[in-house]
Amino acid sequence: MIAISAASGALGRLVISNLRTRADVTAVVRDLERAPDGVPARRGDYDDPASLREAFDGADRLLLISSPELDPARRIRQHLAAVAAAEEVGVGAVVFTSFLGAGIAATGMTEAYHATEQAILDSGLPYTMLRHPFYSDAFVPRISDGEITGSTGGRGLNTAFRSDLAEAAANVLTDEGHLGRAYDFTGPLWTHPEVAEAAGVRYREVPDDGPGPMSWISAQVRAGALELQTPDLERVLGRPARTVVSEVLGRPSPQPR
């Protein structure tokens, strides 16, 4: 049995959609009324360790989807409780949705992910780390009044679509050869001017709107911090990952080779 934690979220639902015809899968959710349809569900709350032990019991593999909690200290507590529960009930292997850079740094965005990776390593459980980039879903440029605007300085973004990351997770959970590995997933590099050119519209650089998460991310993009590229996502998918240009132009997703 494969257990999917945080299964009522967008990523969890996509993973289950990929798995329901391929494996015996159980959704682990905080609120059973929000559980995905069509698969068994168990209550498992990151703030309730006893519920996690019950939810993970009997799992051959666990997809530990990171908590949506923004406070790093609370997120770390939640993740460590989940790892401890998995260890206590003898889960066969843990696949963790981490974040790019978490294997080498424990600051800012990576703090909770780094702590969780270390806890998984210390537990002795078989593991696979899936280090995600930012989701393309939140970054697809919109054409307005015949133009695309942005505050990225024309630098590249290595974002990936949630659907591709979900499919990759499903492959890791069901295929052999992934245990003991850490994958740095990146989508095809893209820029706002490139998307504008492909769409036949103008690109205009605009100032940041002000303080906030997107302003911080735009500053990271301008500094080149989102230009890392690896072949990991394409290899695990067995096909090219979706591109932002294709999404804007409404082209079909790539198919397996």
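- The backbone N or O of Ala102 lies less than 3.5 Å from a partner atom in the side chain of His114, making a donor-acceptor pair.
- Atom CG of Leu173 is separated from atom CZ of Arg61 by 7.0 Å, given to the nearest 0.5 angstrom.
- For the 3.5 Å distance criterion, the side chains of Asn171 and Arg235 fail to qualify, holding no donor opposite an acceptor.
- A donor and an acceptor atom, one from each side chain of Tyr183 and His178, are located under 3.5 Å apart.
- Put simply, the side chain of Arg202 never gets that close to the backbone of Gly146: no donor and acceptor are under 3.5 Å apart.
- Rounded to the nearest 0.5 angstrom, Arg131 CZ and Ser98 OG are separated by 6.0 Å.
- Nearest heavy-atom pair across Ala112 and Ile76 is CA-CG1, 3.5 Å.
- Under the 3.5 Å distance criterion, the side-chain polar atoms of Arg42 are matched with a main-chain donor or acceptor of Asp57.
- Residues Tyr135 and Val140 have side chains not in contact (no heavy-atom distance under 4.5 Å, counting atoms from C-beta outward).
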Apply side chain to side chain contact (heavy atoms under 4.5 Å, CB included) to residues Ser66 and Phe99 and explain how you reach the verdict.
CA-CA 9 Å; Ser66 58; Phe99 193 78; over 6 Å; no
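- Inspection of the Ser246 and Thr243 side chains reveals an N or O donor paired with an N or O acceptor under 3.5 Å.
- Annotation: side chain of His132 is not in contact with side chain of Leu100 (no heavy-atom distance under 4.5 Å).
- Atom CG of Asp145 has 12 or fewer neighbouring heavy atoms from other residues, nucleotides or ligands inside a 6.0 Å radius.
- Taking the side chain as every heavy atom from C-beta outward, Asn158 and Phe185 never approach each other to under 4.5 Å.
- A heavy-atom distance below 4.5 Å is not found between the side chains of Thr191 and Glu227.
- Here the side chain of Ser17 pairs no donor or acceptor atom with the backbone of Arg13 at under 3.5 angstrom.
- Side-chain N or O atoms of Gln78 include none that pairs as donor or acceptor with a backbone N or O of Ser67 at under 3.5 Å.
- The environment of Asp122 atom CG is dense: over 12 non-hydrogen atoms of other residues, nucleotides or ligands sit within 6.0 angstrom.
- A donor-acceptor contact closer than 3.5 angstrom links the side chains of Arg242 and Ser163.
- At distances below 3.5 Å, not a single donor-acceptor pair connects side-chain atoms of Arg34 with backbone N or O atoms of Arg30.
- In this structure, Glu167 CD and Leu237 CG are separated by 5.0 Å, a value rounded to the nearest 0.5 Å.
- With hydrogens and angles left out, the side-chain atoms of Ser123 and Glu87 include no donor and acceptor closer than 3.5 Å.
- At distances below 3.5 Å, at least one donor-acceptor pair connects side-chain atoms of Thr230 with backbone N or O atoms of Asp184.
- If you check the side chains of Trp190 and Ser136, you find no donor sitting under 3.5 Å from an acceptor.
- Under the 3.5 Å distance criterion, the side-chain polar atoms of Arg204 are left unmatched by any main-chain donor or acceptor of Thr149.
- A donor-acceptor pair is defined here as one N or O able to donate and one able to accept, closer than 3.5 Å; such a pair exists between the side chain of Ser51 and the backbone of Asp45.
- Screening Ile65, Val95, Val28 for a side chain to side chain contact (heavy atoms under 4.5 Å, CB included) with Ile4, the sole residue that qualifies is Ile65.
- Remark: the Glu111 side chain and the Tyr113 side chain contain no N/O donor-acceptor pair separated by less than 3.5 Å.
- Between the CZ atom in Phe161 and the CD atom in Glu247 there is a gap of 4.5 Å [rounded to 0.5 Å].
- Using a 4.5 Å cut-off on side-chain heavy atoms (C-beta onward), Arg162 and Leu14 make contact.
- The minimum heavy-atom distance between Pro49 and Ala85, with the atom names listed, is O-CB, 4.4 Å.
- Taking the six-membered ring for Trp and thresholds of 30 and 60 degrees, Phe134 and Phe139 have ring planes inclined between 30 and 60 degrees apart.
- In this model, a donor atom of one side chain and an acceptor atom of the other lie less than 3.5 Å apart for Thr174 and Arg22.
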Residue pair Arg222, Asp208: steps toward the salt bridge (Lys or Arg N to Asp or Glu O under 4.0 Å) verdict
CA-CA 11 Å; Arg222 292 194 298 273; Asp208 279 338; 3.2 Å; yes
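- The hydrophobic cluster containing Leu11 also contains Leu233, counting ILVMFWY residues as joined when their side-chain heavy atoms lie under 4.5 angstrom apart, directly or transitively.
- Looking only at side-chain heavy atoms (C-beta outward), Leu121 and Met129 come within less than 4.5 Å of each other.
- In this structure, Ile148 and Val195 approach most closely via the heavy-atom pair CD1-CG1, 3.8 Å.
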Check step by step if side chain to side chain contact (heavy atoms under 4.5 Å, CB included) holds for Asp232 and Thr186.
CA-CA 7 Å; Asp232 290 356; Thr186 61; over 6 Å; no
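- One distance of note links CZ of Arg43 with CG of Asp31; it measures 9.0 Å at 0.5 Å rounding.
- No path of Ile, Leu, Val, Met, Phe, Trp and Tyr side chains, each step under 4.5 Å between heavy atoms, connects Leu157 with Leu228, placing them in separate hydrophobic clusters.
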Using side chain to side chain contact (heavy atoms under 4.5 Å, CB included), reason through Asp24 and Ile2 one step at a time and then give a plain yes or no.
CA-CA 6 Å; Asp24 174 18; Ile2 298 175; over 6 Å; no
Please lay out, stage by stage, how Arg155 and Gln220 fare under the test side chain to side chain contact (heavy atoms under 4.5 Å, CB included).
CA-CA 10 Å; Arg155 298 295 295 264; Gln220 297 297 301; over 6 Å; no
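- Each of Leu62, Val91, Ile120 was checked for a side chain to side chain contact (heavy atoms under 4.5 Å, CB included) with Val83, and the lone residue meeting it is Ile120.
- The shortest side-chain heavy-atom distance between Leu63 and Thr97 falls under the 4.5 Å cut-off.
- Glu194 is not listed as a side-chain neighbour of Glu197, based on a closest heavy-atom distance of 4.5 Å or more.
- Of all heavy-atom pairs between Gly156 and Val221, the closest is O-CG1, 3.9 Å.
- Summarising the geometry, atom CD belonging to Glu69 is positioned 7.5 Å from atom CZ belonging to Arg75; distances are rounded to the nearest 0.5 Å.
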